Amino acid sequence: MITNNTRPEEHFARLTRLLELEADAEKLETIRSLEKLSPAEAETSGNSLINLVIREEDSGLGGKILLTFGKRNENLSLPWSRIGLGSPVILTEEGGEDSTGWRGIVSRLNKSQIQVAFTQWPETELERPAFRLDRSTDEISRQRQRSALESARVAKGTRLAVLRDVLLGHQPPVFEKIENHTPLNPKLNGFQNQAVRFALSAEDIAIIHGPPGTGKTTTLVELMRQIIRNGESVLAVAASNLAVDNMLERLIDAGENAIRLGHPARVSPALREHTLDELAEIHPDMRLARKLTRDAHALRKQASKYFRIKPDPGVRQSLREEAKQLLNEARLIEEQLFERIISNANIVCATATGLDHEIFKKRSFDWCIMDEASQSVEPSAWIPIQYAKRLVLAGDHCQLPPTVISPEAARSGFDISLMERLLQIPGVDISRRLNVQYRMHQEIMKFSSDVYYDGALQADGSVRTALLADLPNMTSCPLLDCPIHFIDTAGASYDEEQEPKGDSRLNPLEAGLVIKKVHELIDCGLSPAHIAVITPYSAQVKYLREKLKNLDLEIDSVDGFQGREKEAVIVSLVRSNREGEVGFLADTRRMNVALTRARRKLIVIGDSATITSHGFYRRMLEYFESIGAYHSVWEE
């Protein structure tokens, strides 16, 4: 915990050191996972695509070079991969001497082709090169975090310096009493209106604590609408693109004019017309930038042509240099256009690490509203803070913590978010909690409420007793008539297995029981689109996806399902061993997420003999037994 005895130099030096430890751990993990595998094995692992050739070349905004790749054999589709839209990747030439490669972002993807956006042209050595794509760490985000920490450290006599001192506990936050505001959304409950009023009174920092299903985003949208009615501007950020899109969609539905920053590949297709890239595309100034880019591409193609007579030395290089200059001119025009569009916007939405200082260095916002604040490591939070006068953090430190790979960094507190750290400072009242939830049946809610929220959560009347049996067109069956079903596999030899050539775990017999329950729910009339399967282990996710690939069914890790909900959720705990080792399950905040995604039906499958070695799961089973939700696998 950081107290007011910690000097800014010490605090930011510590964060920078931990950031570097995490960067080294990520790089080492990537290298190790690839070094021990042949190219074919790396592709099978889902972290690489091999034997690719360039199918198409195009240009994008910001001087981006868009290259579309496919298998050399055009009849082959791309295999299953963890490389998805928005993934950072490294492109290398197979058989080439340059192993550093070129960094890019996946911008389009289908069964047979993958498009990647680069900031520079891949200069190949071979006449007809083949390429390899590997999943990569996000070095751009890391550099932005380093820069933000340094800006905060050296700030003097600025608003950033004041915020820094408040956030380090060196001076108390200031709150100004405000008159009761008139809610723009009449459906807000008392806790939500109180949180909005409290945040509006903050001169420095306020926190909105939103447990599962309590309408945190609804509250933030109301807060932002109130702010812009006061003639002030908002920078709205979150840790994930999904959360940013969710805020933007709600703002648009409320009739507000907001723009979205970020790579279009990382933005929901329905929202792309509100992105900076799309708004810039229709601006008249973009025509000149486009012409310069086309001319640059023409010069590049000319430099790559086959000459019957060998050209004079340096001709190819000269053409490439001229193309590079034209692209730089196009990029400058685009950057100036971006600045103008952003400066005219009242609400700008982006991921915290997606803010480019070159565009924002001349822009200041009255407020920064940070959603999912409990899921971000502290260095990423300082990126948007440097552009705002006031800060509102929203999230739930009782759910997903920041993801940290480095054990040493985690031991030193790198997995403690700025929000959680501030809540640990004694004697400072800077938060308001939302206590009415609109997602789940009261019995699904109660265990989480008792363990994490002092038993204070209340189920709104619209969901308090809602069951699957209440949905239309459902066939009567016992599975639908109760909200929770725990199936205990103890004593049935449902043993966990180590993933082949991996560190994850899977449990095939438990997966079979998951599949059986999925089909039972479907047979009762529930659409697969209303069912989700959640498991903490990536190997179990992959196994279940393969077994259930013919169904329109979401199967994901706990992290992948944060912020989501379904009518029915099946949780596969996987762990089953004689030693009572629970592994990832020991992170009970992640389990809090898994247990609170279901609206009407929660099915949990696990081995009580293994999981009850941990106190949290002993308490969970006691609760399940108390409401009649406990069942043995032998009943199946």
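Because the structure is a prediction, the values reported are computed rather than measured. Positions are given from 1 along the sequence. Atom set for the values below is all heavy atoms of this structure, side chains included, hydrogens, waters and symmetry mates excluded.
Two residues are said to be in side-chain contact when any heavy atoms from C-beta on lie closer than 4.5 Å; Glu203 and Arg390 meet this criterion. Side-chain contact between Leu521 and Ile603 is present, with heavy atoms from C-beta onward closer than 4.5 Å. Here the side chains of Asn592 and Phe616 are not in contact, with every heavy-atom distance at 4.5 Å or above. You'll find the side chain of Arg432 stays beyond 4.5 Å of the side chain of Ile207, heavy atoms only. Using a 4.5 Å heavy-atom threshold, the side chains of Leu595 and Ile444 count as separate. When side chains are defined from C-beta on, Ser151 does not count as touching His357, because their heavy atoms never get closer than 4.5 Å. Side-chain contact between Thr351 and Ser141: absent, with no pair of heavy atoms (C-beta onward) separated by less than 4.5 Å. Counting heavy atoms from C-beta on, the side chains of Tyr452 and Leu457 never come closer than 4.5 Å.
No donor-acceptor distance shorter than 3.5 angstrom exists from the side chain of Asn230 to the backbone of Glu232, with no hydrogens or angles considered. Of the possible polar contacts, none joining the Arg250 side chain to the Glu222 backbone as a donor-acceptor pair under 3.5 Å is found. At distances below 3.5 Å, at least one donor-acceptor pair connects side-chain atoms of Ser343 with backbone N or O atoms of Glu339. In terms of modelled atom types and a separation under 3.5 Å, the side chain of Ser87 and the main chain of Gly84 share a donor-acceptor contact. With hydrogens and angles ignored, the 3.5 Å screen pairs a side-chain donor or acceptor of Thr158 with a backbone N or O of Ala161. For Arg108 (side chain) and Gln115 (main-chain N/O), no donor-acceptor pair under 3.5 Å exists by modelled atom type. A side-chain donor-acceptor contact under 3.5 Å links Gln226 to the backbone of Thr182. The main-chain N or O of Ala258 is never found under 3.5 Å from a side-chain atom of Glu256 such that the two would form a donor-acceptor pair. At least one donor-acceptor pair closer than 3.5 Å links the side chain of Asp470 to the backbone N or O of Leu467.
Checked by atom type, the side-chain pair Asp396/Ser374 shows no donor-acceptor distance below 3.5 Å. Using modelled atom types, one finds a donor on one side chain and an acceptor on the other under 3.5 Å when comparing Glu372 with Ser240. Using modelled atom types, one finds a donor on one side chain and an acceptor on the other under 3.5 Å when comparing His11 with Glu378. Looking only at atom types and distance, the side chain of Ser557 has no donor-acceptor partner in the side chain of Asp559 under 3.5 Å away. Side-chain polar atoms of Trp382 and Gln386 form no donor-acceptor pair below 3.5 angstrom. For the residue pair Gln143/Glu139, the side-chain donor-acceptor check at 3.5 Å is not satisfied.
The 12-atom threshold is exceeded at CD1 of Ile405, counting heavy atoms of other residues, nucleotides or ligands nearer than 6.0 Å. In this structure, Lys566 places its NZ atom where more than 12 heavy-atom neighbours from other residues, nucleotides or ligands lie under 6.0 Å away. For Asn473, the CG atom is loosely surrounded, since the number of other residues' heavy atoms within 6.0 Å does not exceed 12. Enclosure of atom OH in Tyr438 by more than 12 non-hydrogen atoms of other residues, nucleotides or ligands within 6.0 angstrom is indicated. No more than 12 heavy atoms of other residues, nucleotides or ligands lie within 6.0 Å of CG in Asn257, so this atom counts as exposed by the packing criterion.
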- Task: Could you check Phe191 against Phe198 for ring-ring contact (aromatic ring centres under 6.0 Å, His included), going step by step and ending with a plain yes or no?
- Result: CA-CA 10 Å; Phe191 293 106; Phe198 178 72; over 10 Å; no
- Apply salt bridge (charged side-chain N to carboxylate O under 4.0 Å, His left out) to Arg260 and Asp277, showing your working. CA-CA 9 Å; Arg260 170 76 154 95; Asp277 283 28; over 6 Å; no
- Report the C-alpha separation of Asp450 and Tyr623 in whole Å, then their side-chain angles, then the decisive distance to 0.1 Å, and conclude whether the side-chain contact (heavy atoms from CB on, under 4.5 Å) test is met. CA-CA 10 Å; Asp450 289 347; Tyr623 173 69; 5.5 Å; no
- Message: Using the rule given for side-chain contact (heavy atoms from CB on, under 4.5 Å), can you reason through Leu167 versus Ile385, listing the C-alpha separation, both sets of side-chain angles and the distance that settles it, and then say yes or no?
- Response: CA-CA 11 Å; Leu167 297 178; Ile385 290 172; 3.8 Å; yes
- Query: Passes side-chain contact (heavy atoms from CB on, under 4.5 Å), Tyr387 versus Cys368? Steps please.
  - Reply: CA-CA 8 Å; Tyr387 305 119; Cys368 172; over 6 Å; no
- Test side-chain contact (heavy atoms from CB on, under 4.5 Å) on Arg589 and Val558 and set out the steps. CA-CA 10 Å; Arg589 287 184 292 182; Val558 179; over 6 Å; no
- Kindly indicate, with the supporting measurements, whether the criterion salt bridge (charged side-chain N to carboxylate O under 4.0 Å, His left out) is fulfilled by Glu567 and Lys601. CA-CA 6 Å; Glu567 298 292 353; Lys601 183 69 180 186; over 6 Å; no
- Message: Checking Glu278 against Arg272 for the salt bridge (charged side-chain N to carboxylate O under 4.0 Å, His left out) test, could you report, in this order, the C-alpha distance in whole Å, the side-chain angles of both residues, the deciding distance, and whether it holds?
- Response: CA-CA 7 Å; Glu278 293 286 342; Arg272 285 180 188 164; over 6 Å; no
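One distance of note links CZ of Phe365 with CD1 of Ile347; it measures 10.5 Å at 0.5 Å rounding. Rounding to the nearest 0.5 Å places CG of Leu271 at 5.0 Å from CG of Asp245. Considering CG of Leu434 and CD of Gln192, their distance stands at 6.0 Å, rounded to 0.5 Å. Remark: Leu163 CG to Gln171 CD distance equals 9.0 Å, nearest 0.5 Å. Distance check, rounded to the nearest 0.5 Å: CD1 of Ile105 to CG of Leu66 gives 12.0 Å. Note that NZ of Lys216 and CD1 of Ile208 are 9.5 Å apart. Values are rounded to the nearest 0.5 Å.
Residues Leu184 and Arg229 approach most closely at CD1-CG, 4.1 Å, considering heavy atoms. The shortest non-hydrogen separation linking Met370 to Ala381 is CE-O, 3.6 Å. The shortest heavy-atom contact between Leu168 and Pro8 is CD1-CA, 3.8 Å. Across all their heavy atoms, Ala238 and Met247 have their closest contact at CB-CE, 4.2 Å. The two residues Ser233 and Ser364 come nearest to each other via the heavy atoms OG-O, 4.1 Å. The two atoms that bring Asp204 and Val174 nearest to each other are OD2-N, 2.8 Å, heavy atoms only.
Considering only residues two or more places apart in sequence or on other chains, Arg197 meets the side-chain hydrogen bond (donor to acceptor under 3.5 Å, both in side chains) condition with none of them. Under the salt bridge (charged side-chain N to carboxylate O under 4.0 Å, His left out) criterion, Arg153 pairs with Glu150, sequence neighbours left out.
In summary, Asp454 and Arg433 engage in a salt bridge, as defined by a charged side-chain N under 4.0 Å from a carboxylate O. The pair Arg597-Glu554 does not meet the salt-bridge criterion, since no charged nitrogen lies less than 4.0 angstrom from a carboxylate oxygen. Between Asp138 and Arg135, no side-chain nitrogen of the basic residue sits less than 4.0 Å from a carboxylate oxygen of the acidic one, so the salt-bridge criterion is not met. Under the 4.0 Å criterion applied to side-chain N and carboxylate O atoms, Arg142 and Glu26 are assigned as salt-bridge partners.
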